[in-house]
Amino acid sequence: MQGLFFEGDTGVRSAIRLFVVLIGFWTAWRAGKAAADSWSDYPLVIAYTVLLAAAMQFLHHALFDGPVLSVFYYVIDLVLLSIFSTAGYRYRRTNQMVNNYYWLYEKTSPFSWKAKH
């Protein structure tokens, strides 16, 4: 498993790769938050994530000489980015529901709410 992501990487190249991955996760979080801010439905989050995964696939190819089109790595990117974009969407939507409809809902976790009794 160690050679899956950092095969042959040392020093600065590993740091740059880690930075690119973290920027991808942060962008996915912000994409989910942006969809929630515009009161859009969840399928828009999926559309943003599919496009972002394609962009990350390109960055892996352009910066690190990865494969141009790899379904395996695209699916890995898509799954990981979906986790972050969904978390950003749910976190922001929970805060919207609890703050805008404070008389109806209360927060049960950072990612969910329930009706007040």
In Å and rounded to the nearest 0.5 Å, what is the [atom1] to [atom2] distance from [X] to [Y]?
X   : Y    : atom1 : atom2 : answer
R93 : N100 : CZ    : CG    : 10.0 Å
I46 : T86  : CD1   : OG1   : 5.5 Å
Q96 : K33  : CD    : NZ    : 8.5 Å
L80 : F25  : CG    : CZ    : 5.0 Å

Which pairs with one or both residues in residues 72-85 pass salt bridge (Lys or Arg N to Asp or Glu O under 4.0 Å), sequence neighbours excluded?
-> none
Of the non-hydrogen atoms in A35 and V45, which two are nearest, and what is the gap between them?
-> CB-CG2, 3.5 Å
When hydrophobic residues are tied together by side-chain contacts of less than 4.5 Å, even through go-betweens, does M56 share a cluster with I16?
-> yes
Under the side chain to side chain contact (heavy atoms under 4.5 Å, CB included) test, residues paired with L51 that sit two or more places apart = none
For S70, which residues count as a side chain to side chain contact (heavy atoms under 4.5 Å, CB included) partner, sequence neighbours excluded?
-> Q57, P67, F72, Y73
Test side chain to side chain donor-acceptor pair (under 3.5 Å) applied to S82 and T49, step by step | CA-CA 6 Å; S82 294; T49 307; 4.8 Å; no
Members besides [X] in its Ile/Leu/Val/Met/Phe/Trp/Tyr cluster (side-chain heavy atoms under 4.5 Å):
X    : result
I23  : F19
Y101 : W39, M97, V98, Y102, W103, L104, Y105, W113
L69  : V68
F111 : W29, Y91

Salt bridge (Lys or Arg N to Asp or Glu O under 4.0 Å) partners for R92, two or more places apart | D37
Residues at least two apart in sequence or cross-chain that pass salt bridge (Lys or Arg N to Asp or Glu O under 4.0 Å) with K114, listed by chain then number, are E106
For [X], enumerate each residue passing the ring pair (Phe, Tyr, Trp, His ring centres under 6.0 Å) test, keeping only those at least two apart in sequence or located in another chain.
X   : answer
Y42 : Y89
Y48 : none
Y74 : none

With the side chain counted from C-beta on, respond yes when L59 and F64 share a heavy-atom pair under 4.5 Å apart, and no when they do not.
-> no
